[in-house]
Structures are given as C-alpha cells and as structure tokens.
Amino acid sequence: MGNLAKIREISVRYNISARTLRYYEDMGLIESTRNDDYAYRLYDEAAIKRLEQILILRRLNISIKDIKRIFSTAGSKVVLDVLEKKVDDIDEEVSLLHELKKIVLEFIDQIRRLDFERETDVKLLYDKAKDIEAQITNVDYNGNPAKIDRFFEVTEKLNDKVPDIIIVRIPKFRAVTSGAMSFEDVFGKFQMWQEAHNDFFKPIIFDAPDFLCENNGQLEWIWRIKDEITAADVAPYEIIEHTGGLYAAAVSIDGDDESGNKVLEKIQKWLEKTNFVIDDNRAISVHMIYTDEEIRKGLGYHQQNFYAPVKLKNGI
C-alpha cells in the first residue's frame with residue numbers, strides 16, 4: 001500500500017475520530033482511496049496535509065462552510081476575509097460580555113439599594129422581585145430606560161451561541177447492528193455492506209435511519225430496518241431491539257469532533273439545571289439529520305444531532 005495511511009493511524013496521530021474523518025470526506029474537504037481488494041479508507045500525503053490545514057482552521061472555530069470556501073478558491077483573499085470576519089466576531093463577543101457585566105453590576109447595585117437581601121420568606125421574595133421588575137420597567141434605570149432593552153439584546157445575542165436542547169423520547173425500534181468494531185471495520189467492511197443494502201433501512205427520526213455510538217475506543221453503527229427484513233437477510237450481522245428511551249438532543253451544525261464536544265459539554269451543563277442526569281447504561285448517539293444530498297448541498301454543511309441518554313435524578 002506504499003505510503004498510504006490507514007484511517008486508524010490518522011485517527012490516533014491527530015486525535016480525531018474516524019467519524020470526523022468520514023464527515024470531512026462527505027463534505028468534500030479531503031479524499032481517501034479504497035479499492036475492491038481493500039475495504040479500509042487510506043490517505044495519501046496530500047490528504048494528510050489537507051487534514052492538518054482543516055484541523056488548524058477548526059481550532060480557530062472557522063466553520064466547515066468557510067473552510068470549503070477557502071479550499072475552493074485560489075489565492076489568499078478568501079482566507080483573509082474569513083479570518084478578519086472571525087476577529088470581528090471575537091471583538092463583538094468581548095464587547096457584549098463587557099456590556100453585560102456592566103448591566104449586571106448595575107442590577108446588583110439597584111437590588112442592594114432596595115434591601116432585597118433582607119427578605120427571607122419565599123412569598124415576600126417573589127413580591128419584592130415583582131416590585132423591582134415594575135420599577136425597572138416603568139422608571140428610568142439609573143437615568144436610562146433603554147438599559148433593559150439593551151440587556152435583552154445583549155443576552156439574546158450571546159445565547160445564540162448556545163445550542164437549543166430538548167428532551168425527546170425515541171421509541172423502541174428494530175435494527176441491524178455492526179456490533180462493537182474498530183474504526184477501520186465500521187467504516188470499511190460494515191459500511192460497504194450497508195451501502196450494498198440501502199433498501200433495507202427506514203428512518204428513526206427526521207429522515208435519518210441510523211445511530212452511531214462510541215464506547216471504549218470502538219464504534220457501533222445501528223441501522224433501523226424494515227419490518228420484513230429477517231436475520232438471514234442481514235447475515236453476518238445481527239438484528240437487535242433498540243430500547244429507545246429519553247434523550248437530551250442538540251444540534252451540531254458542523255458535525256465534527258470540535259463542534260460535537262462543545263455541544264456535549266453544553267448538554268451536560270444544561271442538564272445540571274434540570275431534574276435529569278446522564279444515563280450511563282446507554283450510549284451517547286449521533287446521526288446526520290438529513291440524508292438527502294440536495295438538502296446538504298443547500299445548507300453547505302451537515303446538521304448532526306447528538307442524543308445523550310437521560311433519566312430522572314430519582315432513578316425513574
């Protein structure tokens with residue numbers, strides 16, 4: 001195989017998942033080679049150099065859509081435009097945070113002058129809060145009634161950077177599973193088998209028929225199958241009954257490890273404010289929301305859902 005590198009070697013060398021490598025290929029950012037005699041994806045020196053460039057840009061939080069623009073245009077104009085826009089975004093966020101800090105400090109001063117902390121009864125605290133709300137809404141706040149409007153504008157812009165998270169219940173479903181496999185085998189022989197049997201599958205949610213789960217360095221790829229499919233049809237793989245259940249779901253619009261890890265961190269922080277906790281007995285799963293290639297082209301990027309299994313804190 002000459003100087004070609006296997007997907008596992010690339011994954012270990014650059015500390016990225018095979019799923020992310022596959023995603024970069026799907027988006028047309030890098031290319032691998034694979035022939036009928038060798039199921040695994042292989043990467044040449046040019047692909048590895050391109051991957052290094054992608055990883056640097058992703059560290060700068062450059063979107064996949066903008067990375068595609070950079071790679072598809074000769075010269076430095078586009079990359080300079082993208083990086084200058086990133087500096088503007090950072091400046092705006094820093095400015096918003098400073099402004100939010102100032103507003104919060106003013107709120108603290110207002111509340112202290114109203115002796116808010118002296119109330120201990122919950123009912124009185126509620127009444128006091130309503131009283132403060134009325135004062136802030138109807139009376140100049142430190143001589144400037146626009147402060148409250150600006151407060152909502154600032155927080156809304158900052159909150160745009162946090163993914164919406166919802167609790168969803170996924171019903172039980174019948175599926176074929178790859179079983180726990182290495183990165184190479186899942187995106188090698190199992191993917192080749194799956195691509196040859198596309199007529200077997202049906203959607204779980206949206207138009208995505210599959211979930212990809214990672215556990216202890218291995219992957220399991222689960223595809224929901226049609227009712228008429230039998231065990232003989234999916235051999236040498238197995239049919240399972242997926243338990244479904246409650247999940248905290250959030251969208252990553254760039255679909256790789258960098259954005260995925262941020263989404264999972266925010267799901268965890270969001271759960272800390274609820275009566276739910278992660279259910280460690282089930283795996284975190286991901287899937288691409290839209291499998292329709294025309295939709296993907298229209299978006300310019302993949303939308304990927306993360307599903308973190310959850311349960312109530314009391315164990316129910």
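Computed from a predicted structure; not experimentally measured.
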Side chain [X], main chain [Y], donor-acceptor under 3.5 Å:
| X | Y | answer |
| --- | --- | --- |
| K313 | T274 | yes |
| K86 | I62 | no |
| S72 | K68 | yes |
| R58 | I64 | no |
| T73 | I70 | no |
| R224 | P203 | yes |
| K226 | D199 | yes |
| S11 | I16 | yes |
| S178 | V186 | no |

Grouping I, L, V, M, F, W and Y whenever their side-chain heavy atoms are under 4.5 Å apart, do [X] and [Y] come out in a common cluster?
| X | Y | result |
| --- | --- | --- |
| M27 | Y14 | yes |
| L60 | V82 | yes |
| L271 | L312 | yes |
| V286 | I167 | yes |
| L246 | V277 | no |

Would you say the side chain of [Y] lies within less than 4.5 Å of the side chain of [X], judging by non-hydrogen atoms?
| X | Y | answer |
| --- | --- | --- |
| Y23 | Q304 | no |
| I54 | Y24 | yes |
| K262 | N61 | yes |
| F183 | L21 | no |
| H287 | I205 | yes |
| I284 | Y307 | no |
| D279 | V310 | no |

Point to revise | ring pair (Phe, Tyr, Trp, His ring centres under 6.0 Å) partners of residues 238-279, not counting sequence neighbours, each pair once | key: F173-H242
Practice item. Test side-chain contact (heavy atoms from CB on, under 4.5 Å) on K6 and L42 and set out the steps. Key: CA-CA 5 Å; K6 293 182 180 179; L42 299 168; 3.8 Å; yes
Mind listing the closest non-hydrogen atom pair of [X] and [Y] along with its distance?
| X | Y | answer |
| --- | --- | --- |
| A231 | I239 | N-CD1, 3.6 Å |
| I222 | A175 | CG2-CB, 3.4 Å |
| R282 | T243 | CD-OG1, 4.1 Å |
| A5 | I48 | CB-CD1, 4.2 Å |
| A180 | Q218 | CB-OE1, 3.6 Å |

Point to revise | Audit row: H197, I229, side-chain contact (heavy atoms from CB on, under 4.5 Å) steps and yes/no | key: CA-CA 11 Å; H197 295 82; I229 301 301; over 6 Å; no
Practice item. Give the C-alpha distance, both sets of side-chain angles, the deciding distance and a yes or no for side-chain contact (heavy atoms from CB on, under 4.5 Å) between K102 and H98. Key: CA-CA 6 Å; K102 181 179 178 181; H98 279 298; over 6 Å; no
Can you tell me how far [atom2] of [Y] sits from [atom1] of [X], rounded to the nearest 0.5 angstrom?
| X | Y | atom1 | atom2 | result |
| --- | --- | --- | --- | --- |
| K189 | S182 | NZ | OG | 7.5 Å |
| I267 | I166 | CD1 | CD1 | 10.5 Å |
| R50 | D44 | CZ | CG | 11.0 Å |
| M181 | L219 | CE | CG | 10.5 Å |
| D66 | L57 | CG | CG | 9.5 Å |

Has [X] got more than 12 heavy atoms of other residues, nucleotides or ligands less than 6.0 Å from its [atom1]?
| X | atom1 | answer |
| --- | --- | --- |
| E238 | CD | no |
| E272 | CD | yes |
| E52 | CD | yes |
| N198 | CG | yes |

Practice item. Check step by step if side-chain contact (heavy atoms from CB on, under 4.5 Å) holds for Y43 and L51. Key: CA-CA 10 Å; Y43 299 88; L51 175 62; over 6 Å; no
Review point. Picking from D210, T177, D185, what satisfies side-chain hydrogen bond (donor to acceptor under 3.5 Å, both in side chains) with W221?
Key: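 Exactly one option meets the side-chain hydrogen bond (donor to acceptor under 3.5 Å, both in side chains) with W221, and it is D210.
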**Study point:** Short N-O contact, D81 and K85, less than 4.0 angstrom
**Key:**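 Salt bridge absent between D81 and K85.
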Review point. Taking only residues at least two apart or on different chains, which pairs with a member in residues 169-181 satisfy salt bridge (Lys or Arg N to Asp or Glu O under 4.0 Å)?
Key: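 For residues 169-181: none.
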Review point. Under 3.5 Å, is there a donor-acceptor pair linking the side chains of S32 and E25?
Key: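 Yes - a donor-acceptor pair under 3.5 Å links their side chains.
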Exercise for review: Please confirm whether Y237 and W193 have ring centers closer than 6.0 angstrom.
Suggested key: yes
